[in-house]
Amino acid sequence: MTDLTPQWSWQYAGVDGQVLDRPVSPQFVGRFDAEEWFGLHWRALRDQGAASAVLTSAGTVVPPRYDLRAVPETMTFPAG
């Protein structure tokens with residue numbers, strides 16, 4: 001039987017590397033749902049002071065750590 005207890009969440013750190021208590025991550029049942037949510041909300045998290053984010057499963061850090069400052073606001077691709 002599959003465990004449907006929410007156990008996935010995001011942990012955010014500020015520019016100084018200290019873990020932030022805000023914003024608070026929702027809890028997710030699966031990794032896919034957590035990553036999909038993050039893909040939609042990372043800009044808002046960055047705007048709220050998160051400089052990096054890492055996914056956790058039942059309190060255990062799951063690499064990689066994402067640097068929210070490293071992604072350009074807009075991306076351009078060469079014509080071709």
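Just so it is clear, the model here is predicted, and its values are computed rather than measured.
The aromatic rings of Trp37 and Phe28 are tilted relative to each other, their planes meeting at an angle between 30° and 60°.
Contacts classified as salt bridge (charged side-chain N to carboxylate O under 4.0 Å, His left out) and involving residues 8-29 (residues at least two apart or in different chains) are not found. Counting only residues at least two apart or on different chains, the side chain to side chain donor-acceptor pair (under 3.5 Å) pairs with a member in residues 51-72 are Ser9-Thr56, Asp67-Arg69. Pairs passing the salt bridge (charged side-chain N to carboxylate O under 4.0 Å, His left out) check and including a residue from residues 24-38, sequence neighbours excluded, read Arg31-Glu35.
Note that CG of Leu45 is 6.5 Å distant from CZ of Phe38, once rounded to the nearest 0.5 Å.
By the 4.5 Å heavy-atom criterion applied to side chains, Val54 and Tyr12 are not counted as neighbours.
Note on Trp42 and Val62: same hydrophobic cluster, where clusters join Ile, Leu, Val, Met, Phe, Trp and Tyr whose side-chain heavy atoms are under 4.5 Å apart, directly or indirectly.
Leu68 approaches Arg46 most closely through the heavy-atom pair O-CD, 3.4 Å.
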